[in-house]
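Residue numbering restarts at 1 for every chain, and letters A, B, ... go by the order of the sequence lines. FYI, side chains are in, hydrogens and waters are out, and symmetry mates aren't considered; it's all heavy atoms of this structure. Because the structure is predicted, anything quoted here is derived from the model rather than measured.
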Amino acid sequence: MPSLPVSVSLSVSITRRSSYPPAPHPQQRPDQRSCDGLTPGFPYNGPLSPDNQDLAMRTSRYLLATVKQTPSDAVVISHQLMLRAGMVRKLSSGLYNWLPLGLRVLRKVEQIIREEMDRAGAQEVLMPVVQPMELWEESGRAPAYGPELLRITDRHGNAFCLGPTHEEVITDLVRNELHSYRQLPMNFYQIQTKFRDEIRPRFGIMRSREFIMKDAYSFHADQASLAATYAVMYDTYCRIFDRLGLDYRPVAADTGAIGGSASHEFHVLASSGEDAIAFSDSSDYAANVELAEAIAPGERAAPGETMTLVDTPDARTIAELVAQFKLPVEKTVKTLIVAADHVSADQETGGGLVALLVRGDHELNDIKAEKLPQVASPLRFADDEEIRAAIGAGPGSLGPVQLSIPCVIDRSVALMSDFAAGANQDGKHYFGINWERDLPLPEIADLRNVVEGDASPDGQGTLTIKRGIEVGHIFQLGTKYSEALKATVLDERGKKVVMPMGCYGIGVTRVVAAAIEQNHDDRGITWPEAIAPFQIILVPINLKKSVREKEVCEQLYADLTSAGYEVLYDDREKERLGVKLADAELIGIPHRIVVSEQHLDEGQLEYRARRDDDNTMLSVDEVLDFLERRIKS
RNA sequence: CGGAGUAUAGCUCAGCCUGGUAGAGCACUACGUUCGGGACGUAGGGGUCGCAGGUUCAAAUCCUGCUACUCCGACCA
């Protein structure tokens with residue numbers, strides 16, 4: 001048998017044996033133990049090892065619960081891979097057990113969040129999962145929250161609920177503890193389990209009923225202080241998601257009654273995301289597609305055609321019209337008829353209907369339409385009979401010319417010239433319509449969804465649309481809860497003032513799922529460095545046969561661990577190489593070292609990053625330097 | 001809450017229509033062979049067929065009720 005390369009200096013002395021050593025002597029010297037407290041080469045059923053589990057583990061002692069088959073009830077990738085990699089197991093609908101491997105990832109995400117929140121001056125607290133209903137009565141939110149709030153009763157008949165969020169509890173705490181404006185601002189956060197009794201939990205960890213959230217609540221003496229802390233939280237969130245290694249976008253969110261730039265969602269970009277978000281290619285602008293403003297820069301071209309009535313008996317949709325008459329779709333207009341708001345319906349002659357016009361290739365935005373004063377809320381499309389009664393033609397032949405009901409047009413429609421639209425007579429369209437020549441320009445509004453390539457509303461660049469997973473949300477709450485719960489402090493004049501509040505959430509468990517949605521390939525997870533369960537996996541090719549592989553692995557395991565790396569040593573003797581490599585790829589350890597007899601002859605090891613396509617050969621004594629450069633950079 | 005579906009071994013599923021000995025693959029245990037990309041052989045362990053009723057000489061199979069879970073929708077953000 002060839003001897004070990006001289007470059008490997010063994011600090012642990014191992015006697016070569018052709019078979020397992022006998023059970024260790026109880027008085028074994030500590031320096032003969034490896035980093036995880038196990039005697040090198042000790043077989044599977046040894047004692048539990050209490051040492052250094054944060055850093056090191058050997059697979060023979062670890063619950064590596066990987067499965068080959070994709071579970072049938074998992075539809076999204078993150079759910080499939082989290083089950084397959086042995087990170088989680090379902091307990092019941094929307095409830096999951098976290099196995100050791102998954103928990104390592106979860107803890108890393110938590111730790112990054114914790115460090116950055118602390119860095120931003122927030123103070124960690126821990127509030128109960130179970131909350132008294134009294135507080136929810138006091139805030140007035142109990143009825144509004146409905147059945148999503150899981151209510152429970154204790155043995156004395158007192159009402160409690162499982163906390164879906166903690167505004168009430170923190171506000172109650174703060175009103176008892178803070179008394180002076182001098183103490184403000186303060187920002188409290190916790191990383192805690194939440195429960196929301198979702199109507200339909202789905203997508204595994206992405207939308208479960210029980211989940212872990214980092215929620216923070218800030219309290220202020222005035223609005224300016226709230227705005228300042230909000231800005232700090234915005235930056236903190238950026239730092240957190242940067243450190244997590246995720247591709248994300250802060251997105252302007254619907255601020256409802258609060259207004260201004262008082263709310264942002266943080267989205268991890270992934271094709272499976274539930275939300276479509278639009279962002280500028282050359283500025284920070286980003287918004288939910290439903291909320292993104294559709295602007296229409298430019299001017300209307302002068303009329304070039306005369307308006308003509310054309311028989312279009314077989315064209316009932318824009319697609320048919322475009323196909324049959326070789327029209328560019330940008331020269332067509334869609335006319336949608338919706339119910340009018342009651343008040344305006346009385347005043348107009350529209351029979352309770354309003355026409356909304358968007359370009360043929362555009363889509364009506366329900367939310368924007370609903371916000372128009374003329375339009376009934378909730379939005380309701382008119383049925384065929386109503387349309388025929390009011391206009392005298394069926395859908396498919398509707399247009400703005402000589403229209404008998406009120407009409408609102410999209411901004412981009414207002415810029416069209418020489419366009420085609422229905423003639424309000426069955427089977428007929430007008431071509432070559434021009435505003436202000438053939439008919440007056442109706443009221444103009446933003447009616448449509450933005451599309452890829454639109455000009456960015458901030459005037460810089462064009463919009464790209466991608467799907468995102470909402471993982472964070474920051475909010476300037478104002479005094480909604482502090483008012484209801486009377487959370488006041490005395491100001492400098494000794495007057496009681498209600499504290500404006502901010503709240504800031506991150507879905508910690510959802511971040512883990514989102515990270516996988518964004519980082520996977522056909523073999524498994526490709527973790528970002530910062531949240532991988534382990535940094536390095538050590539894979540000997542044939543531990544059973546090769547004493548040399550075992551010696552080198554034990555040595556590397558000890559050296560890498562004492563250098564501070566988190567190492568998973570795949571010391572399973574019964575598994576073949578293929579199984580080990582497949583597992584390593586499935587669980588997505590970023591750095592892999594394969595140890596083989598063949599290459600040890602030249603003093604070489606194989607290195608491969610999870611996202612690499614090829615192996616890199618390293619000499620045994622340069623491994624530490626190499627990894628140092630590779631990981632720390 | 002509306003619609004659709006599923007429930008049989010740890011996992012993925014067959015068997016049910018047409019009632020009569022509980023099945024396969026993977027996983028697990030033992031032994032042997034194999035050993036650089038999810039090995040092979042031999043032997044074995046493991047299921048009150050979701051629960052409760054009913055029909056029948058006989059029910060995984062037919063009937064009724066219940067429960068849980070999944071998918072689509074509404075809801076939530």
Please determine if K466(A) and D247(A) form a salt bridge, counting it only when a charged side-chain N lies under 4.0 Å from a carboxylate O.
-> no
Short N-O contact, R592(A) and D612(A), less than 4.0 angstrom = no
Hey, is the side chain of E585(A) pairing donor to acceptor with the base of G37(B) inside 3.5 Å?
-> yes
Would you say E363(A) has more than 12 foreign heavy atoms packed within less than 6.0 Å of its CD?
-> no
Partner nucleotide of G2(B) by Watson-Crick or wobble geometry (both distances under 3.5 Å) = C72(B)
Which whole-number value in Å describes the distance from E148(A) CD to A74(B) C1'?
-> 14 Å
Indicate, with a heavy-atom threshold strictly under 4.0 Å, whether V579(A) touches base, sugar-phosphate, or nothing.
-> base
Using the P atom in both, what is the distance from C17(B) to C63(B), to the nearest Å?
-> 9 Å
Is A9(B) paired to anything, Watson-Crick or G-U wobble with both distances less than 3.5 Å, and if yes, which nucleotide?
-> none
For U33(B), the nucleotide meeting Watson-Crick or G-U wobble distances (both under 3.5 Å) is A39(B)
Contact nearer the 5' end of RNA chain B, comparing T66(A) with R576(A) | R576(A)
Rounded to whole Å, the CD1-C1' distance (I541(A) to U34(B)) equals 15 Å
Whole angstrom value for the distance that separates P of C76(B) from OH of Y145(A) = 12 Å
By the Watson-Crick or G-U definition, both distances under 3.5 Å, C66(B) is matched with G50(B)
Give a yes or no on whether the ring-centroid distance for Y237(A) and Y504(A) is below 6.0 angstrom.
-> no
Indicate, with a heavy-atom threshold strictly under 4.0 Å, whether R202(A) touches base, sugar-phosphate, or nothing.
-> base
